[in-house]
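In what follows, a structure is listed as structure tokens, so that the remarks can point back to it.
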Amino acid sequence: AKQSGAGRYVVFDLEMRDSFERRVALEGDLRSALAHHELQLHYQPIVDLASGDVVCVEALLRWSRPGHGWVPPLQFIPVAEETGLILAIGEWVLREACRQARGWHTGLSRGLAPAVAVNLSARQLQEPGFADQVAAVLAETGLPADALVLEITESILMKDRETAITRLRELKALGVGLAVDDFGTGYSSLTYLRSFPVDILKIDKAFVDDVARDQEAAQLARAIVELGRTLHLSTVAEGIESVDQCDVMRSSACALGQGYLFSRPMDAAGLWELLQSTENG
Ligand code: C2E
Ligand code: CA
Ligand code: CA
Ligand code: CA
């Protein structure tokens, strides 16, 4: 037993070294990704469940890493957060999303262009100058403030509540929309939720998954929509994949939905085609 224990130790060491080296390589490549235009935004529609209209699109970061293909965000965003690179990446995401959204607003008839939703990391929210950055990007790109929604996860909001409230108030003053992302997974204190100047609750996919086959899950989702109504917040059901899930959420009076049922995230060209087809038909 002793020997196999020692043997395992060696294997463990090698694995650690391997993953450490991979980490360092990832970090180096990520550092140059911005400069070499390897980052892209894809967009996923958020639809009005009553009319089917695309009222907003969420910007989702994609990295085309040479030799690795497309790297999903959950594989590199944590590294970007630890190294602080997320500040530069996040600023790029914000500017790029606003720039492209401004294009939809100038290219489509009045009222047909969707808002754009951008995900924020904890580090961005901690930056004292973050609201000034958002104001500068809006001014520079010409996107109206009410066409931008900033998504912040419930767990980020709850981790440093005082900073979050300060920052959200500054952002709210600019006129942008604010959404609580992944709601239901972050152990919100309802007292705090009430004091955050947010507009939208995004019900985490975990709650939506079972609504079509489990009465309890459906009632929980309904309760979150009800909570939203009480706090004057609009609700988005995330990760809707089936017609049945959609029906349950719609009949729960959830206003908005997002998920593969409506559309997978697509590149800017694909989204533009979709938006133009809604204008023509
Ligand atoms: P999120 O903000 O909760 O985004 C929704 C995720 O769910 C996206 O994954 C989307 O592709 C996926 N999704 C949407 N509908 C469905 C569905 O019907 N079924 C399933 N199975 N999945 C669905 P993605 O693009 O891999 O992004 C993962 C996470 O990475 C995001 O979760 C967000 O937390 C983070 N992220 C993405 N882009 C950014 C960014 O620009 N900045 C920051 N800080 N985080 C980002
Ligand atoms: Ca999000
Ligand atoms: Ca989410
Ligand atoms: Ca999520």
Side-chain angles (χ1 to χ4, degrees), residues 30 33-34 38-47 49 54 56-64 69-101 115-127 130 133-134 137 148-157 159 177-186 188 198-212 224 235-246 249 256-268 270-271:
L30 192 53
L34 255 183
E38 292 164 15
L39 298 180
Q40 257 190 41
L41 293 182
H42 283 200
Y43 295 96
Q44 186 179 34
I46 297 173
V47 306
L49 290 179
V54 177
C56 185
V57 297
E58 180 174 4
L60 295 161
L61 189 55
R62 299 289 181 260
W63 178 20
S64 167
W70 287 103
V71 187
L74 292 177
Q75 274 177 35
F76 65 89
I77 285 172
V79 176
E81 276 170 350
E82 282 167 40
T83 56
L85 268 173
I86 194 68
L87 292 177
I89 292 175
E91 186 173 0
W92 178 85
V93 169
L94 181 70
R95 182 168 289 111
E96 181 72 0
C98 290
R99 190 184 65 76
Q100 291 188 321
V116 70
V118 170
N119 290 288
L120 298 187
S121 89
R123 294 285 288 263
Q124 289 172 285
L125 208 66
Q126 282 158 9
E127 285 290 290
F130 182 66
Q133 180 186 114
V134 173
V137 168
L148 175 66
V149 175
L150 299 172
E151 296 193 358
I152 306 141
T153 65
E154 184 187 22
S155 31
I156 290 176
L157 289 177
K159 210 156 53 188
L178 298 172
V180 182
D181 203 356
D182 300 353
F183 185 76
T185 62
S188 267
V198 295
D199 315 285
I200 299 162
L201 279 188
K202 295 191 78 175
I203 306 173
D204 193 77
K205 178 175 185 305
F207 289 89
V208 177
D209 277 343
D210 292 334
V211 294
I224 298 178
T235 42
V236 181
E238 294 197 273
I240 296 183
E241 294 178 347
S242 74
V243 173
D244 289 346
Q245 288 170 337
C246 183
M249 293 316 300
L256 305 167
Q258 176 179 8
Y260 295 169
L261 175 68
F262 311 108
S263 171
R264 293 197 173 238
M266 58 196 135
D267 65 17
L271 177 72

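Counting convention: from 1, in listed order, for ligands and their atoms alike.
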Between D181 and ligand 1, which part of the residue brings a heavy atom under 4.0 Å of the ligand: side chain, backbone, both or neither? side chain

Ligand 1 contacted by P72 (non-hydrogen, < 4.0 Å): no

Should one rank I77, D209, L61 by closest heavy-atom distance to atom 43 (C) of ligand 1, which comes out on top? I77

Which of the atoms of ligand 1 are close to L74, meaning less than 4.0 Å from one of its heavy atoms? 28 (C), 29 (C), 30 (O)

Answer with yes or no whether the side chains of Q44 and H42 bring together a donor and an acceptor at under 3.5 Å. no

One finds that the ligand 1 atoms under 4.0 Å from a non-hydrogen atom of G239 are 16 (C), 17 (C), 18 (O)

Can a donor-acceptor pair be found between the side chains of Q133 and E127 at a distance below 3.5 Å? no

Polar-atom distance check: E151 versus ligand 1, any N or O pair below 3.5 Å? no

May I ask which of I240, L41, L60 has a heavy atom nearer to atom 10 (C) of ligand 1 than the others do? L60

Going by heavy atoms in the side chains, are V79 and L85 under 4.5 Å from each other? no

Atoms of ligand 1 close to S121 [distance to a heavy atom under 4.0 angstrom, numbered from 1]: 44 (N)

What part of R264, side chain from CB on, backbone N/CA/C/O, both or neither, has a heavy atom under 4.0 Å from ligand 1? neither

Judging by distance only, is a nitrogen or oxygen of E81 under 3.5 angstrom from one on ligand 1? no

For N/O/S atoms only: which one belongs to D182 and is nearest the Ca ion (ligand 3)? OD1

Residue pair L148 / C98, side-chain heavy-atom distance below 4.5 Å: yes

In E58, the N/O/S atom nearest the Ca ion (ligand 2) carries the name OE2

Could you establish whether K202 and ligand 1 come within less than 4.0 Å of each other, counting only heavy atoms on the residue side? no

What atoms of ligand 1 come closer than 4.0 angstrom to any heavy atom of E238? 3 (O)

Among the N/O/S atoms of E238, the Ca ion (ligand 3) lies closest to OE2

How does P73 reach ligand 1, by side chain, by backbone, by both or by neither, if only non-hydrogen atoms under 4.0 Å count? side chain

Test your reading of the structure: does Q124 have an N or O sitting under 3.5 Å from an N or O of ligand 1? no

What atoms in ligand 1 come closer than 4.0 Å to a heavy atom of V93? 41 (O)

Under 4.0 Å from ligand 1, counting heavy atoms only, is it the side chain of I89, its backbone, both or neither? neither

Which atom, counting only N, O or S, brings D181 closest to the Ca ion (ligand 3)? OD1

Between R62 and ligand 1, which residue portion shows a heavy-atom distance shorter than 4.0 Å: side chain, backbone, both, or neither? side chain

What is the name of the N/O/S atom in E151 that sits closest to the Ca ion (ligand 2)? OE1

Option nearest atom 19 (N) of ligand 1 (shortest heavy-atom distance, choices Q44, E241, Q245): E241

Is the shortest N/O to N/O distance between Q258 and ligand 1 below 3.5 Å? no

Restricting to N/O/S atoms, is N119 within less than 3.0 Å of the Ca ion (ligand 2) or not? yes

Using a 4.0 Å cutoff against the non-hydrogen atoms of D182, which atoms of ligand 1 qualify? 3 (O)

